[in-house]
Protein chains: 2
Amino acid sequence: MSKYDALKIENQICFPLYACSREIIKQYKPFLDEIDLTYTQYIAMMVLWDKKIMNVKAMGEILYLDSGTLTPVLKKLESKGLVTRQRSASDERNLIVTITDMGEALKEKAVTVPTAIAKCSNLEPEEAAMLYRILYKMLGSSKT
Amino acid sequence: MSKYDALKIENQICFPLYACSREIIKQYKPFLDEIDLTYTQYIAMMVLWDKKIMNVKAMGEILYLDSGTLTPVLKKLESKGLVTRQRSASDERNLIVTITDMGEALKEKAVTVPTAIAKCSNLEPEEAAMLYRILYKMLGSSKT
DNA sequence: CATAATTAAATTGAGTTCAATTTAATTATA
DNA sequence: TATAATTAAATTGAACTCAATTTAATTATG
């Protein structure tokens, strides 16, 4: 027991969070490769599969990402033909992202991903539920 | 209830993990700025504050990072005078990273960081303990 | 022993992330 | 209404992450 114990990697809560998130994203890779999306592109598409239309700011609030990250991701999705990007007529500061038919079609393939990933997890349902609850509690209090 | 529900962002377990980890790393920033370390440099230093000497491979196993990430990080720490990097005499494939006196000295300043961060968390101790347990369970089963 | 296989770091390239700044549009106010 | 303040995206630059490849050293095998 030393005054430096708090500095040990095994006593951090952030470290396993960070490592775990990267490890799971790695598990997604083979499945996302099949639909030619990166993880960030995938979660951006998730929002659009659900909402169809959304501006960058609103998307950023949902995904906890700013325009510095989202702009290149959305341009990439546009170049793949999955979304369109256009300024709002009523307020040209806003960029409106809309899913295309090709983007909608990709949803049919993507729907198999969550099932495949679920099989990789070794958590009990109660553990997953607990984890989910705790993470959203943390996220809720970090909202800017 | 649709067959696409599994594709909704609010039904993912990976997403809050990923968002949470980035949000917490953001919280570290002001404290790490004071000791001129990034988060990745900080966790690398954590290993060395504890072990003093370690090769890149062993460090990578602890941190779940490969040489592609660690090499530039360690070169940066070397340029700051916090570590030295030298090939092992007994097996020149191995690069041995050793903490310097300056690196050791930084530990005195760094020791205030975990305390400062702990104050930012809104989790109950039991929640933090549960989170820790679940995350290491997940990490344990993703070990390659 | 010579060659093949393996191993550890480093390198490369694509993509992500974020802080800080810039640009352009809109809203508020003197 | 002109100017100031605010807002939304985009841009820039530094750093991280990872897959894939390369280089060099070591170990295993024919």
Side-chain angles (χ1 to χ4, degrees), chain A residues 14-15 18-33 36-45 54-61 63-80 83 85-97 142 144, chain B residues 14-15 18-30 32-33 36-45 54-80 83 85-97 142 144:
Chain A
C14 183
F15 171 72
Y18 154 85
C20 223
S21 122
R22 286 183 300 110
E23 289 301 308
I24 297 185
I25 288 171
K26 269 187 222 173
Q27 294 187 342
Y28 274 90
K29 183 156 197 311
F31 306 111
L32 293 182
D33 279 351
D36 189 34
L37 292 178
T38 64
Y39 184 73
T40 313
Q41 290 164 14
Y42 174 64
I43 59 173
M45 287 306 296
M54 178 147 294
N55 68 38
V56 172
K57 182 180 161 57
M59 241 171 128
E61 279 166 3
L63 298 177
Y64 294 84
L65 291 171
D66 70 6
S67 69
T69 302
L70 281 177
T71 295
V73 168
L74 294 171
K75 282 182 176 175
K76 186 76 183 187
L77 293 175
E78 183 182 44
S79 78
K80 292 184 188 181
V83 310
R85 299 164 64 248
Q86 57 194 1
R87 293 282 168 175
S88 162
S90 63
D91 184 342
E92 294 208 356
R93 288 172 304 183
N94 289 289
L95 186 94
I96 303 191
V97 184
S142 86
T144 40
Chain B
C14 183
F15 171 72
Y18 153 86
C20 224
S21 122
R22 286 183 299 110
E23 289 300 308
I24 297 184
I25 288 172
K26 270 187 221 173
Q27 294 187 342
Y28 273 90
K29 184 155 198 308
L32 293 181
D33 278 351
D36 190 33
L37 291 178
T38 64
Y39 184 74
T40 313
Q41 290 165 12
Y42 173 64
I43 60 174
M45 287 304 298
M54 177 147 296
N55 68 38
V56 172
K57 180 178 161 63
M59 244 173 124
E61 280 166 3
I62 292 172
L63 298 177
Y64 294 82
L65 291 171
D66 69 6
S67 68
T69 303
L70 280 177
T71 296
V73 168
L74 294 170
K75 283 183 176 174
K76 186 77 184 188
L77 292 176
E78 183 183 44
S79 78
K80 291 184 189 184
V83 310
R85 299 163 64 248
Q86 58 194 358
R87 294 281 168 179
S88 162
S90 61
D91 185 342
E92 294 208 356
R93 288 173 303 183
N94 290 288
L95 186 95
I96 303 190
V97 183
S142 86
T144 41

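Chain naming here is simple, since letters A, B, ... match the order of the sequence lines and numbering starts at 1 in each.
For the pair B:Asn94 CG and D:dT27 P, the interatomic distance rounds to 10 Å; values are reported in whole Å. Rounded to whole Å, the distance from CG on A:Leu32 to C1' on D:dA19 is 15 Å. At whole-Å resolution of the value, OH in A:Tyr28 and P in D:dC18 are 16 Å apart. Taking atom CD1 of A:Ile25 as the reference point, atom P of D:dT17 lies 11 Å away to the nearest angstrom. In this structure, the NZ atom of A:Lys29 is 12 Å from the P atom of D:dC18, given to the nearest Å.
For DNA chain C, the residues of residues 65-75 of chain B within the heavy-atom distance limit of 4.0 Å (strictly under) are B:Ser67, B:Gly68, B:Thr71, B:Lys75, sorted by number.
When side chains are defined from C-beta on, A:Phe15 does not count as touching B:Tyr42, because their heavy atoms never get closer than 4.5 Å. B:Leu32 is not listed as a side-chain neighbour of B:Gln41, based on a closest heavy-atom distance of 4.5 Å or more. Taking the side chain as every heavy atom from C-beta outward, B:Ile62 and B:Ile43 never approach each other to under 4.5 Å.
Heavy-atom contacts of chain B under 4.0 Å fall on DNA chain C between two terminal nucleotides, which in 5' to 3' order are C:dT7 to C:dA19.
A residue-by-residue look at A:Asp91 and A:Thr40 shows that A:Thr40 has its nearest nucleotide of DNA chain C further toward the 5' end.
For A:Glu78, the side-chain contact (heavy atoms from CB on, under 4.5 Å) partners are A:Val83, A:Arg85, not counting sequence neighbours. The side-chain contact (heavy atoms from CB on, under 4.5 Å) search around A:Lys57 returns A:Asn55, A:Glu61, not counting sequence neighbours. With sequence neighbours excluded, the residues forming a side-chain contact (heavy atoms from CB on, under 4.5 Å) with B:Thr40 are A:Tyr18, B:Thr38, B:Leu65, B:Val73, listed by chain and number.
The two residues A:Ser21 and B:Cys14 come nearest to each other via the heavy atoms O-SG, 4.5 Å. Nearest heavy atoms, B:Met59 versus B:Leu74: CE-CD2, 3.8 Å. Of all heavy-atom pairs between B:Ala44 and B:Leu63, the closest is CA-CD1, 3.9 Å. Contact between A:Asp36 and A:Lys80 at its shortest, heavy atoms only, is O-NZ, 2.6 Å. Heavy-atom minimum distance, A:Tyr64 versus B:Arg22: O-NH1, 2.9 Å.
With axes fitted over five pairs at each extremity, the angle between the ends of the helix from C:dC1-D:dG30 to C:dA30-D:dT1 is 0° (10° resolution).
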